[in-house]
Amino acid sequence: MKSITAENIKRNYGKVEALIDISFDVNKGEIFGIIGPDGAGKTTLFRILTTLLLPDSGSATVDGFDVIKDYKSIRKNVGYMPGRFSLYQDLTVEENLKIFASVFETTLEENYHIIKDIYQHIEPFNKRRAAALSGGMKQKLALCCALIHKPSVLFLDEPTTGIDPVSRKELWVMLKNLKQLGITILVSTPYMDEASLCDRIALIQKGKFLNIDSPKNIVEQFQKKMWGIKSKNMSKLLNDLRANPEVNTCYAFGETHHVTLLNEKFTIDNVKKYIENKGHNDVSITEIAPTIEDCFIELAKEK
Amino acid sequence: MKQFLIFTKKEFYHIFRDRWTTLILLVLPILMIILFGFGITTEIKNTKFAVYDPSRDVASQGIINKFSTSEYFTLSEYLDSPEQIEKLFQKGKIGLVIVFSEKFHENILHTGEAQVQLILDGTDPNTALTLTNYATQIINLYQQEQKESKNILYQIKSEIKLLYNPTLKGEYNTVPGVMGMVLMLICAMMTSVSIAREKELGTMEVLLVSPMKPIIIILSKVVPYFFLSLINLTTILLLSVFVLKVPIVGSLWLLIFVSLIFIFVALALGLLISSVVEKQMVALLISGMALMMPIILLSGLMFPIENMPIVLQWISNIIPAKWFIIAVKNVMIKGLGIASIINEIIILTSMAVILTAISLKKFKTRLE
């Protein structure tokens with residue numbers, strides 16, 4: 001049985017189309033990532049799947065239950081962590097946990113083994129009010145609260161947004177561990193580099209899925225050669241490359257510019273000559289493996 | 001049940017961990033009743049009065065003596081002509097003018113009847129009314145004493161003339177009015193704000209995606225404020241009896257019973273507001289503007305309802321506080337029994353039932 005299925009989900013806010021025809025499914029025990037920029041429709045999709053919003057058309061099931069008709073059953077069995085920190089700031093860590101345990105008709109002791117690994121990080125701050133925790137700590141506490149009833153499906157809406165790189169890494173390790181317990185995880189993130197940590201991902205933009213596959217396959221499907229180009233004057237280089245009609249795409253990626261060419265007849269040697277003619281020094285060109293972000297940009301361009 | 005208890009406890013944490021909420025809930029009612037209460041009582045003691053007395057005989061002097069020795073009035077001056085009266089009031093230095101008829105004592109002896117006119121400033125209805133009551137009491141007292149000592153049967157007719165607001169009607173409004181206001185404030189405003197806060201901070205989103213029943217969420221919000229309003233009710237009644245010296249003439253239990261019904265109405269109103277708003281600020285503004293203003297203006301707390309334009313009088317009928325204030329006046333001030341307020345009880349109870357039904361029906365199980 002699939003943990004999550006969605007068929008042709010549409011959802012508008014007034015005239016704004018938030019989701020246009022979303023279909024996908026998530027296998028049991030899978031970490032499925034919804035990857036896309038802010039405003040792509042990630043939160044709307046999460047809210048529909050967690051029964052907080054009704055779709056305008058289309059259908060979806062979670063754990064085999066229909067999100068419209070059987071919303072009460074879904075609410076018993078899923079864990080949901082909204083994008084915004086949504087715990088009681090004026091209550092302590094312990095009080096928050098106890099309250100959410102009672103919300104899900106369980107106790108902290110009963111399911112301690114599930115949250116143990118995560119809870120150990122915040123246990124020293126048991127008596128501290130949630131408002132006084134750091135961003136990473138808050139997310140860990142929120143994750144504990146969402147897990148306290150041993151949900152079969154866990155919805156995490158941008159869990160890593162706004163927290164430091166170390167906490168981000170820790171959080172992903174925690175998700176891998178949760179997967180071992182058989183919990184299906186649907187996670188959204190605007191950070192493309194986190195995509196490779198998922199079993200499968202869906203790239204979303206402007207309410208549409210661009211592609212659904214494993215991160216490895218998505219990268220492999222990338223047809224063109226990807227070049228990493230560097231020179232002394234990077235900003236001029238970017239402009240010069242973009243000015244060349246033979247250059248398909250050129251984006252600044254940290255230390256290098258990622259470049260693809262329109263067709264293979266115009267070789268990379270021609271590019272090198274072109275750049276040197278423009279007066280650039282210390283030019284280096286290497287072939288690189290495309291990243292998920294490159295794929296996203298390419299796919300977004302096609303659409 | 002366990003959920004409910006934990007959630008009620010949580011609500012108390014919210015209240016007592018925020019200094020301002022605690023202050024508003026517990027201190028504001030005390031401040032309000034003291035300010036409103038003393039605002040009137042201090043003015044009424046030692047009110048200056050002037051006398052126009054063309055007869056200057058034993059009887060008129062006797063009455064003037066009674067007035068000036070009472071704690072409520074101080075003699076300011078004797079007037080030479082009635083024309084001075086208006087000017088005195090315009091200066092605003094006196095609260096009462098006593099005008100005796102000519103040959104006051106003679107009239108008493110011969111016809112058994114004499115007339116006194118009490119002239120007051122009607123722009124402040126509450127003060128004018130209380131002063132009238134005091135003044136007629138003093139005259140009656142004098143009459144009583146004369147009857148006992150000299151065994152003469154006669155009647156002094158006191159005629160009351162209110163300047164500037166001649167149709168003044170109204171009663172001792174402060175305590176019932178403030179009770180209505182405070183209970184409405186605590187119950188409606190605080191309940192609506194606390195639910196709106198859960199929505200605004202996103203915790204409602206998490207609570208909705210859980211097996212928790214909406215009715216438990218609502219009840220756990222309502223119960224703490226119900227208890228707090230009981231505390232407030234007690235402090236208000238204690239303050240009004242022991243500090244403001246407004247006695248509870250009628251049955252205390254009846255008074256509490258009516259107040260409980262009113263508290264339910266206010267809680268239901270708070271729920272209704274919270275079911276339509278998403279932000280704390282909006283909840284605050286709606287309960288402030290849409291609830292408090294009409295209560296203050298239309299409930300008879302500040303202005304007598306009888307003096308309002310007929311349209312406003314109709315509108316005042318849908319203000320729960322109006323019925324509550326009438327009921328409290330009847331029970332607490334006039335000492336009447338349950339029969340006198342049966343209408344108010346029925347109206348308030350049906351308001352509570354209807355409002356609760358609507359707000360339970362309107363509670364959203366989703367985000368929209």
Side-chain angles (χ1 to χ4, degrees), chain A residues 11 13-14 43-44 46-56 62 67-68 71-92 94-108 129-131 142-143 145-146 148-149 151 153-155 157, chain B residues 1-25 190 193-221 223-225 275 278-280 360 362-368:
Chain A
R11 169 74 207 201
Y13 292 111
T43 299
T44 307
F46 270 71
R47 285 183 169 166
I48 287 173
L49 292 174
T50 51
T51 74
L52 285 169
L53 285 180
L54 293 173
D56 291 340
V62 174
V67 290
I68 301 165
Y71 74 95
K72 282 184 182 160
S73 312
I74 293 178
R75 289 179 180 190
K76 274 183 200 143
N77 296 318
V78 304
Y80 171 46
M81 193 172 131
R84 209 162 32 128
F85 180 68
S86 299
L87 300 179
Y88 297 103
Q89 308 252 11
D90 52 345
L91 301 186
T92 64
E94 201 178 10
E95 284 162 351
N96 266 301
L97 273 170
K98 278 190 178 156
I99 281 171
F100 283 97
S102 86
V103 164
F104 289 98
E105 292 153 353
T106 179
T107 58
L108 189 52
R129 289 190 190 178
L143 192 56
C145 289
I148 202 145
H149 57 300
V153 185
L154 185 60
F155 292 91
D157 192 4
Chain B
M1 194 60 205
K2 198 181 147 227
Q3 273 185 346
F4 172 69
L5 285 179
I6 288 185
F7 261 71
T8 312
K9 206 166 105 189
K10 154 192 156 274
E11 203 55 37
F12 278 114
Y13 283 149
H14 288 323
I15 295 167
F16 292 115
R17 286 191 184 169
D18 186 51
R19 203 155 35 106
W20 287 106
T21 315
T22 322
L23 267 180
I24 288 176
L25 284 173
M190 290 301 171
V193 168
S194 81
I195 294 185
R197 181 174 53 202
E198 300 253 0
K199 290 187 184 179
E200 197 177 322
L201 297 181
T203 43
M204 191 57 100
E205 206 172 324
V206 183
L207 291 186
L208 285 177
V209 188
S210 80
M212 203 163 167
K213 291 192 181 68
I215 185 83
I216 304 260
I217 300 180
I218 288 183
L219 274 182
S220 64
K221 285 280 165 193
V223 168
Y225 294 101
S275 68
E278 301 291 325
K279 296 257 184 287
Q280 294 179 71
L360 283 183
K362 288 207 92 174
F363 184 85
K364 291 172 202 146
T365 51
R366 292 192 163 84
L367 280 184
E368 44 170 23

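So you know, we letter chains A, B, ... as the sequences are listed, proteins then strands, and number each from 1.
- Inspection of non-hydrogen atoms places Glu200(B), Leu201(B), Gly202(B), Thr203(B), Glu205(B), Val206(B), Leu207(B), Leu208(B) of residues 200-208 of chain B under 4.5 Å from chain A.
- When each of Met81(A), Arg11(A), Lys72(A) is checked for heavy-atom pairs under 4.5 Å with chain B, Arg11(A) comes out on top.
- For a residue to count as touching a neighbouring chain, one of its non-hydrogen atoms must lie under 4.5 Å from one of that chain's; by this rule Leu87(A) touches chain B with the backbone only.
- Judged as a salt bridge (charged side-chain N to carboxylate O under 4.0 Å, His left out), not a single pair has a partner in residues 76-88 of chain A (not counting sequence neighbours).
- The two atoms that bring Arg366(B) and Leu52(A) nearest to each other are CB-O, 3.2 Å, heavy atoms only.
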Begin from the C-alpha positions of Ser210(B) and Phe100(A) and carry the test side chain to side chain contact (heavy atoms under 4.5 Å, CB included) through to its verdict.
-> CA-CA 9 Å; Ser210(B) 80; Phe100(A) 283 97; over 6 Å; no
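- Other residues, nucleotides and ligands contribute at most 12 non-hydrogen atoms within 6.0 Å of the NZ atom of Lys213(B).
- Residue pairs meeting the salt bridge (charged side-chain N to carboxylate O under 4.0 Å, His left out) criterion with at least one member in residues 4-15 of chain B, sequence neighbours excluded: Lys10(B)-Glu198(B), Glu11(B)-Lys221(B).
- The most heavy-atom pairs under 4.5 Å with chain B, out of Lys98(A), His149(A), Gln89(A), Glu105(A), come from Glu105(A).
- Here Leu54(A) is the residue among Ile74(A), Leu54(A), Asn77(A), Leu53(A) with the most heavy-atom pairs under 4.5 Å with chain B.
- Using a 4.5 Å cut-off on side-chain heavy atoms (C-beta onward), Val209(B) and Phe155(A) make no contact.
- Scanning residues 12-24 of chain B against chain A with a 4.5 Å heavy-atom cutoff picks out Tyr13(B), His14(B), Arg17(B), ordered by number.
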